[in-house]
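Whatever order the structure lists them in is the order used to number ligands and atoms, beginning at 1.
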Amino acid sequence: MRPMLVLLMSQATALDPRKHHSSTDKPSPVDSSFSAPSVLEDANPEMNPLVAPNADSKYDIAGDDHILPSQRRLAEITELIHTASLLHDDVIDNAVTRRANSSANLAFGNKMAVLAGDFMLGRASVALARLRDPEVTELMATVIANLVEGEFMQLKNTAQDESKPVYTDETLSYYLQKTYLKTASLISKSCRSAAVLGRSAPEVIEASYAYGRNLGLAFQLVDDMLDYTVTEAEMGKPVGADLELGLATAPLLFAWKSNPELGPLVGRKFREEGDVQRARELVYRSDGVEQTRALARDYADKAIAAISDFPDSEAKASLIEMCEKTMNRRK
Ligand code: 2DE
Ligand code: MG
Ligand code: MG
Ligand code: MG
């Protein structure tokens, strides 16, 4: 999804008549001299089990029109950072499945999974440097820091005084801040970077960012909702996992808001016998899942609104469709 998004955003913004410079048909300075090899090209294929044959072809979308080589690299960088974060995430979460397969940590062990993620971050950094665009380098390097910050906030998992846990306005805003950092930062800053590489006008760059930010928040809210509502067979990764991990996500937070009974459970972080089951029941009896879906819908609508001034194109239609797919996904 993420590389596709970068390619689509590249196309959609390229078609926008609002341009930074009057010489609209000239490629950016980066792209006029851009001849960087593929993200893995200087790795020794024999030594490197991670080289995927034909890595470039997987994310081709109908018609390459208007996509700059640098934007294609950006899509690959985005995927590398995302996959690295999932490799590490599955170690942290002790997950045994991913994308309907064994997780890397289960198949190869934690050490290999962590190193594979580190390798991808290394390759992403090399590819980023080769773009020779300091603004995009700063954006995407910030994403890597944000992913870690978001995961840190999640580990802490609480905005409240643990000795006396009560739901406050801060509870949801802490969760949303964490959600921005761990999920929406990558989507928003890669969309923004696509527009920056395309030398879009400032308002187009802002619109790209707003689209990605809102779609990213919707995406994670739906992810957190699905953790309560679908089966593992559908998801291709563990479900019901968040509560088991002691994580208070949106469905639980909304349930808690209307039912203070959940406070003591959250305070104990579901560690006592029966806590998890009790908390789960209280979520199912509340409208927490529905409220989560409604909030995700708000963000999806905001994402669509953010790009309403883009000229109509297939790419724009696909960006809108991506919001609907995010809302309707079951995995
Ligand atoms: C997905 O969350 C995780 C996102 C960010 C993870 C960031 C880490 C810091 P989920 P699912 C681990 C390290 C970052 C790097 C290496 C860039 O809800 O449900 O656990 O798919 O996702 O398991
Ligand atoms: Mg996880
Ligand atoms: Mg996680
Ligand atoms: Mg999840």
Do Lys189 and Asn146 meet the criterion of a side-chain donor-acceptor pair at a distance under 3.5 Å?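 Checked: Lys189/Asn146 side chains pair up, N/O donor to acceptor below 3.5 Å.
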Hey, are Thr83 and Glu79 close enough side-chain-wise for a donor-acceptor pair under 3.5 Å?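 Short answer, yes.
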Check whether Met225 and Leu217 end up in the same hydrophobic cluster, where Ile, Leu, Val, Met, Phe, Trp and Tyr are linked by side-chain heavy atoms less than 4.5 Å apart.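 Yes.
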Transitively linked via ILVMFWY side-chain contacts under 4.5 Å: Met327 with Leu221?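 Yes, Met327 and Leu221 fall within the same hydrophobic cluster.
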Would you say Thr326's side chain and Met322's backbone share a donor-acceptor pair under 3.5 angstrom?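 Pair found, side chain donor or acceptor close to backbone of Met322.
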List-wise, which protein N, O or S atoms are found short of 2.8 Å from the Mg ion (ligand 4)?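 Asp223 OD2, with waters left out.
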Excluding sequence neighbours, so at least two apart, what forms salt bridge (charged side-chain N to carboxylate O under 4.0 Å, His left out) with Arg297?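 Applying salt bridge (charged side-chain N to carboxylate O under 4.0 Å, His left out) to Arg297 gives Asp301, Glu324.
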Quick one: list whatever passes salt bridge (charged side-chain N to carboxylate O under 4.0 Å, His left out) with Asp275, sequence neighbours left out.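 Counting only residues at least two positions away or on another chain, Asp275 forms a salt bridge (charged side-chain N to carboxylate O under 4.0 Å, His left out) with Arg268.
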Give every protein N, O or S atom lying under 2.8 Å from the Mg ion (ligand 3), naming each by residue and atom.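 Protein N/O/S atoms under 2.8 Å of the Mg ion (ligand 3): Asp89 OD1, Asp93 OD2.
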Neighbour count above 12 (heavy atom, 6.0 Å) for Phe152 CZ: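 No - once you tally the heavy atoms of other residues, nucleotides and ligands closer than 6.0 Å, there are 12 at most.
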Could you check Tyr175 against Asp224 for side chain to side chain donor-acceptor pair (under 3.5 Å), going step by step and ending with a plain yes or no? CA-CA 11 Å; Tyr175 164 82; Asp224 291 346; 2.5 Å; yes
